[in-house]
Amino acid sequence: MKVTYYGHATFLVETMGKKLLFDPFFTGNPINEGINHEDIEADFILLTHAHGDHSADAISIAKRTGALLISNYEIHNWAKANGVEAHPMNHGGKWEFDFGTCKYVNAIHTSTFPDGTNGGQPGGFVIWNEEGCFYHAGDTALTLDMKLIPMTCPSLNFAILPIGDNFTMGYKDASIAADFIECNQIIGCHFDTFGFIEIDKKRAKEVFEDRNKNLILLDIGSALEFNKTN
Ligand code: NI
Ligand code: MN
């Protein structure tokens, strides 16, 4: 599983020969202006929730690439109304795609599109196949529901957690989340994009180290490989 970070909550995960693009936010994002999103290919676009800093470029990239959009039922309706093919899910449900199993799990947050369209309830994704298992939490508070993930899914090889505070959990709560999901390799997201979520990165890493967890802060445009053995 190759994971490329494009800033904020935008990640491309390449697995089983498929490209999964999460929460594409390029237009209006001040920290990834150097990335030309016209070059990004996707087979699937996964939206955790409706906010503009997660959905901004979903429709345009889906139309350019022909990617299938995966999200909750209400966001699926929005995609279809915008001329994009979509797969509807809801919390606690999973589906077999050609990249593996995808489960839509709970998040505590809100989910309305910038134009006021109802985006249903926000969520996160757990995805697994023979190459491994990972969790993209989306925007969420720390919640005890995270303890259900190791009880109901294969063990995680890595997880993407928000650490920026104010709109989501901060890095201290995220380090507790790492315990709840029983995962030692955490990629931080949703930090430093704008003023409300600027963090002390050195301190954040120390807080994770104190729990024997590794907080990975990727440079924008950089990638990491994960597989079942690490
Ligand atoms: Ni949000
Ligand atoms: Mn957000």
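Throughout, residue positions are numbered sequentially from 1 according to the sequence presented. Whatever order the structure lists ligands and atoms in, that order sets their numbers, starting from 1.
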Test of understanding: clusters of I, L, V, M, F, W, Y form through side-chain heavy atoms closer than 4.5 Å, transitively. Do Phe208 and Leu224 belong to the same one?
yes
N/O/S atom name from Asp53 that is nearest to the position of the Mn ion (ligand 2):
OD2
Electrostatic pair Glu38:Arg64 at N-O distance under 4.0 angstrom:
yes
Under 2.8 Å: N/O/S of Asp139 next to the Mn ion (ligand 2):
yes
Can you tell me if, anywhere in His49, an N/O/S atom lies at a distance from the Ni ion (ligand 1) that is smaller than 2.8 Å?
yes
For the Ni ion (ligand 1), which N, O or S atom of His51 is at the shortest distance?
ND1
Rounded to the nearest 0.5 Å, what's the gap from CG on Asn90 to OH on Tyr73? Could you check?
10.0 Å
OD2 (Asp139) to the Ni ion (ligand 1) to NE2 (His109): angle, nearest 10 degrees?
90°
Side-chain contact, heavy-atom cut-off 4.5 Å: Met169 with Ile163?
no
The Mn ion (ligand 2) to nearest N/O/S of His190 less than 2.8 Å:
yes
Look at the N, O or S atoms of His54, main chain and side chain alike, and state whether any lies under 2.8 Å from the Mn ion (ligand 2).
yes
Atom CE in Met89, atom CZ in Phe125: separation rounded to 0.5 Å?
7.0 Å
Go through the steps for Leu144 and Phe180 under the test side-chain contact (heavy atoms from CB on, under 4.5 Å), then give the verdict.
CA-CA 7 Å; Leu144 281 168; Phe180 285 2; 4.0 Å; yes
